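First comes the structure, then the notes that go with it.
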Amino acid sequence: GSDLALLLYTSGTTGVPKGVKRTHFSLIFGAEIWVSSLGITSKDRKFSFYPPAWILEQHEGVAASLISGQMVGFPESPNTAFQDLREFGSTIYFAGSRIWEGLASQVQVRIAESTPLKRFFYNLMMPVGYKISDYKFRNIQPPFFWKCLYLIAHSLVLRPLKDKLGLLHGTSLLSAGALLSPDGLAWVRALGANVRITYATTETPMICIHRKDDVRTDTVGMINPGVSVRMSDEGEVLVKSDANSLGYYKQPELASQARIDGWVRTGDSAHIDEKDGHVIYVDRVSDLKQLSTGYRFSPLYVEAKLRFSPYVKDAVVIGDKRRDYITA
C-alpha cells in the first residue's frame, strides 16, 4: 500500500507544475470514499472523459471501478463526448464547475433562439423545477399541488432537457474543481439532476462531499471520514490524512514548504459552519483581493455569477487596494 502508484502533475496554479507522488493506499482510500458515499455497485456506469492527471478521475474513474466493478465508457473523440455520454447512459457523472455552468448557459442561449412555443413552455415550467428544488434544499416534502405540477413540467420540459444533456440516467452527479456558483447549482437541480459538490486536491484524498439529502448551494459538503481539517490563522485549509501524498517528485524542498507539522497546506481559503459541519469554500488564498476601503472579496465567486449569464462566456474580475470598486 505504501508503494508509489502514480505521478500526478498539478495544474501549475502556484508555479511550474509539480509531480505529486500518490500511493496505492491513497488511491484505494479515495475510491472507498466514492463507493460508500455514492453507493456505487457493479450495475453503475461511469463515463470517463477527463484527463488522467485529475485526481478525481483516478479515484472514481480508475480505482473505484476496480473496487466496485462498475462499467466505464470513454468518448470516441473530443468532438463527440456529449453525444457519447448520452448514448452510454451514464449513471455516474462528475464534471468541473465550468462544464455545469456552460451547460446552463448553452441551454439558455438555445432556448432564446428556439421557437416561441418552446420558449413559452420552458419559461412556464422551469419555475416549477426551481420550486421543487427549493423544497429539496430545505428537506421539506412538497405539497400535493406542486407535485402534480412537477409531473407535468417533468414530462413536457425537464425530462427531454436532461435527455438532450446526457443526464437522464444520472443518479450520482457531482461537480468538482472550482466552485460551482449557487445559480448554476440551482439551475441544474431544477432540471431534476441532483448534482452534489465535492472538494479535493491533488495532494490529498477527497476532503469533502455533499451527503445525498444534505446539499447546500454555498458549501462543498461535509468532511469525509479518515480526513482531518483545520484552518490556519490566515484561513488556509490544512489537511491531515494517512492517504495524503508522499510529496513532490524530485522536489523535497517544495514538499516541506507545503506541510506544517504533518498537515498539508492546500492554498485554499475556507471556513467550517459550526452549526452543521459544512465547509464553506471561499477561493484560493493567493487570489483573495482587498479594495482601498478594506473590503475583501473573492474574484472566483463574482466570475462564477457572471458566467451563469447566457450573454457571458467568460469573465475575469479585477480589483486591488488602489481602487474602491471591482471591475470585470
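Model, not experiment: these values are computed from the prediction. Atoms considered below: every heavy atom in the structure, side chains included; atoms not considered: hydrogens, waters and symmetry mates.
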Pairs touching residues 183-224 that satisfy ring pair (Phe, Tyr, Trp, His ring centres under 6.0 Å), sequence neighbours left out: Tyr199-Tyr281, His210-His278
Within 6.0 Å of CG in Asp242, more than 12 heavy atoms from elsewhere: no
Parallel, tilted or perpendicular: ring planes of Tyr295 versus Phe297, cut at 30 and 60 degrees: parallel
List for me each residue that meets side-chain contact (heavy atoms from CB on, under 4.5 Å) alongside [X], sequence neighbours excluded, and say none if there are none.
X      : result
Lys118 : Ser114, Thr115
Asp134 : Arg138
Phe49  : Phe47, Pro75, Tyr93
Phe74  : Ser48, Val72

Residue pairs fulfilling salt bridge (Lys or Arg N to Asp or Glu O under 4.0 Å) with at least one residue in residues 80-94, sequence neighbours excluded: Arg86-Asp163
Charged N-O contact under 4.0 Å between Lys46 and Glu57: yes
Short N-O contact, Lys275 and Asp273, less than 4.0 angstrom: no
Contacts of type side chain to side chain donor-acceptor pair (under 3.5 Å), residue Ser77, not counting sequence neighbours: Thr80
Tyr150: partners by ring pair (Phe, Tyr, Trp, His ring centres under 6.0 Å), with sequence neighbours left out: His154
Partner residues of Tyr50 under the ring pair (Phe, Tyr, Trp, His ring centres under 6.0 Å) criterion, sequence neighbours left out: Trp54
Between Ser245 and Glu203: side-chain donor-acceptor atoms closer than 3.5 Å: no
What side-chain donor-acceptor pairs closer than 3.5 Å can you find for residues 170-178, not counting sequence neighbours?
from   : atom 1 : to    : atom 2 : distance (Å)
Thr171 : OG1    : Thr91 : O      : 3.4

Pairwise side chain to side chain donor-acceptor pair (under 3.5 Å) hits with a residue in residues 100-110, at least two apart: Glu101-Arg307
Determine all donor-acceptor pairs shorter than 3.5 Å in which one atom belongs to a side chain in residues 233-241; sequence neighbours excluded.
from   : atom 1 : to     : atom 2 : distance (Å)
Glu234 : OE1    : Ser232 : OG     : 3.4
Glu236 : OE1    : Arg265 : NE     : 3.3
Glu236 : OE1    : Arg265 : NH2    : 3.3
Glu236 : OE2    : Gly267 : N      : 2.8
Ser241 : OG     : Gly226 : O      : 3.2
Ser241 : OG     : Ala243 : N      : 3.1

